[in-house]
2 protein chains.
Amino acid sequence: MNISELAQHLGVAVSTVSRVLSGNAEKYRISEQTVRRVQEAAEKFQVVPDPLGAGLRRGKLGMIGLLVPDITNPFFSTMARAIELRFRETGIAVQLCDSAEDTDTELLLLTKLLSRRLDGLILAPVGKVSDGLKKAISDSSMPIVLLDRLLPGIDAPSVSLDNRKAGALAAAHLLDAGHRRLGCLRGDPGAVSDRERIEGVQEVLRERGFESDDLVIAGEGYTREESLAGAEKLLSASDRPDAIISLSGQGVLGVLEVSRRLGLSIPSDFSLLAFDEQPWSALMQPPLTTIAQPIEAMAEKAAALLNVTLKDPKSVGQQESAVFEASLCERESVAKK
Amino acid sequence: MNISELAQHLGVAVSTVSRVLSGNAEKYRISEQTVRRVQEAAEKFQVVPDPLGAGLRRGKLGMIGLLVPDITNPFFSTMARAIELRFRETGIAVQLCDSAEDTDTELLLLTKLLSRRLDGLILAPVGKVSDGLKKAISDSSMPIVLLDRLLPGIDAPSVSLDNRKAGALAAAHLLDAGHRRLGCLRGDPGAVSDRERIEGVQEVLRERGFESDDLVIAGEGYTREESLAGAEKLLSASDRPDAIISLSGQGVLGVLEVSRRLGLSIPSDFSLLAFDEQPWSALMQPPLTTIAQPIEAMAEKAAALLNVTLKDPKSVGQQESAVFEASLCERESVAKK
DNA sequence: TTCGCTGGCGCAAACGTTTGTTCCCTCCTA
DNA sequence: TAGGAGGGAACAAACGTTTGCGCCAGCGAA
């Protein structure tokens, strides 16, 4: 039953029912009695305004999009959950999409989402900017918030980690522990966040007077196979680094697998410092020292930023961007020399 | 730009544009020339039919819902990804919701999804059936496919594991290895799947002449805290079981954490057999012996079942249900006595 | 010339809302 | 008693599609 049938049944106008059900009864001075009658009947017959009709009329759907690179990664799934919860409180639905760390899929999904009349979009990009991506975003008028990995050249409110600082934090910790040769396992070479983390590492190295070839970098992507290949390159080299930083949450699994295969043990053969705290980080042997991101806080900030724009469309572009700080979670995978 | 503006621009009727853009040009005998003209213009101005308008007219949105109990669990996130991929190929969007293993949230989200004019719904329930849930589902005319944990009393096509057999598989493996006292860490006591797995275990125990108190069961839910409490109960008992089966993917983390806290080591102090293969299962110390489910196959089957109903609405209720088999993934967390 | 047929396309209704405007009625005041 | 004020609710347009039906032109046949 829809609201016009309900109206007919009650002998009132559709508009009256609509106003009551969408909470605008007072604004349009519907009498208390009528309000009650309508509400009771709506309750009884389980009538809710069809979001499609409402969306069509209002010009939006009461739904936002969330596009993440890998829902399988606890980092993003935790964020997704937090974001959905925030928006549920506002009565806004969240449509979640997964680009599987693939830029083509990402662009495809993005254009699909942009054409879907959503109220807004939270985008956690794969990380590489293509012209298509840039154009798709700037051509659209949909409010967008960028999350985690930023996109240079695209100005939208964003939520991210201070990656440079996080990289510096990691490097400083390893250097303080007495390590000399560092290895970084990155995800995608094109991804900004990884690049910034590496820059942070390099900065500390430079400050402390190390040579540039005291840092070796490997890794071509975020998938399992690519992580394995990168880890292999780092660990089986003749001049194996004595400490490895995994720049992504997935990478660490690759390092652990290869390390086991090569019969190396942590931290006696090499130290391991992993970005992203995972449910199992503390349960590994040895428990992993990690760089933790304030996941929930970041997710909520992203939701909050988007909400501001939704509530007040004029404020587009006036949003500040939020930068969060990583923290070191010290366990036992880094040796003190 | 919408299709009526495009029509005006081209000097043709909206209906013509609509027919071309929705691929019904032949059916309505639009000339090749007109088709080309429309397509080119649509391409040029980036015009796609508004899904809202279309949805309103058609009575559906081209979108299905997917409700899972915990998107943070790799089991469900892997499924979610597979399902989304399948439907993307059909041009159908997927709206993902997470009930956070909470039945109230589940019911709330379910009613929301049901009122949202979706084409269909894939429901991976928390596992407990409430009257509200039952009523909500049977009152609605939306095609539904049940996934993973079934709901007795609700007849809908479903995809699930042969849980009884999986439980038997687990028990047999442990008994074969010479263990005598078994402990089960379950998730929710009300969940059907866990119950069936336990029944499978009990069956094997009975067949081989064990007493009923050779099996001890603990666990009150799927959250981290509940897992910890359950594991604590099992592991710190004076007559600690010599083998533990974790019935859920989350549970095993609880067992590992408590085990470490108590200074126990696996498999010398107790053996561990965990349901659900995880990315890190093989990387634990010791590598975990697991019961693996064919996640992707199950997800695709669920998508296929729903697709049949979407394509042919008359076939509602004529769907068979699919049952999959678990397999044992032998590693080193089960001792041979 | 008239008729029927067919290819090609336009007309207009319908989907279910929301919301600016109008209308009616009652009550109060002058 | 007339005029105004204001509360309460109905009217109707608009949102962007899809689709059954009808219209028109052209062509071949009678």
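The sequence lines fix the lettering, A, B, ..., with proteins before strands; numbering per chain opens at 1.
The pair A:Arg29-A:Glu26 fails the salt-bridge criterion, with no side-chain N (NZ, NE, NH1 or NH2) lying under 4.0 Å from an Asp/Glu carboxylate O. Looking at B:Lys135 and B:Asp139, a side-chain N of the basic residue comes within less than 4.0 Å of a carboxylate O on the acidic one, giving a salt bridge. Ion pairing of A:Arg88 with A:Glu84 is present here, as a side-chain N (NZ or NE/NH1/NH2) and a carboxylate O approach within less than 4.0 Å. Using a 4.0 Å cut-off between charged side-chain N and carboxylate O, A:Glu320 and A:Lys301 make a salt bridge. Salt bridge annotation for A:Arg81-B:Asp70: present, with a cationic side-chain nitrogen under 4.0 angstrom from a carboxylate oxygen.
Under the side chain to side chain donor-acceptor pair (under 3.5 Å) criterion, A:Asp104 pairs with no residue at all, not counting sequence neighbours.
Rounding to whole angstrom units, CD of residue A:Glu26 and C1' of D:dG8 are separated by 14 Å. Going from atom CD of B:Glu32 over to atom C1' of C:dG7 covers 13 Å, rounded to whole Å. In this structure, NZ of A:Lys27 is placed 14 Å from C1' of C:dT21, rounded to the nearest angstrom.
For the segment residues 40-49 of chain A, the set of residues with a heavy atom within less than 4.0 Å of an atom of DNA chain D is empty. If you check residues 1-25 of chain A against DNA chain D, the residues with a heavy atom closer than 4.0 Å are A:Gly11, A:Val12, A:Ala13, A:Ser15, A:Thr16, A:Arg19, listed by number. Scanning residues 50-65 of chain B for heavy-atom distances under 4.0 Å to DNA chain C yields B:Leu56, B:Arg57.
Under the 3.5 Å distance criterion, the side-chain polar atoms of A:Ser140 are left unmatched by any main-chain donor or acceptor of A:Ala136.
Ranking C:dG8, D:dG16, C:dT19 by closeness to the A:Tyr28 side chain, first place goes to C:dT19.
Sorted by first and then second residue, the ring-ring contact (aromatic ring centres under 6.0 Å, His included) pairs with a member in residues 4-52 of chain B read B:His9-B:Phe45; sequence neighbours excluded.
Partner of B:Ser77 under the side chain to side chain contact (heavy atoms under 4.5 Å, CB included) criterion, chosen from A:Asn73, A:Asp98, A:Ile71: A:Ile71. When B:Leu113, B:Asn307, B:Val145, B:Leu306 are each tested for a side chain to side chain contact (heavy atoms under 4.5 Å, CB included) with B:Ile64, only one passes: B:Leu306.
Side-chain N/O atoms of B:Thr34 and B:Ser31 include a donor and acceptor closer than 3.5 Å.
The shortest distance between side-chain heavy atoms of A:Tyr222 and A:Asp102 does not fall below 4.5 Å.
No cation-pi contact links A:Arg149 to A:Phe75, judged by a cut-off of 6.0 Å to the six-membered ring centre and 45° from its axis.
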Could you go over nucleotides 22-28 of chain C and give all protein N or O partners under 3.5 Å, atom names and distances?
none

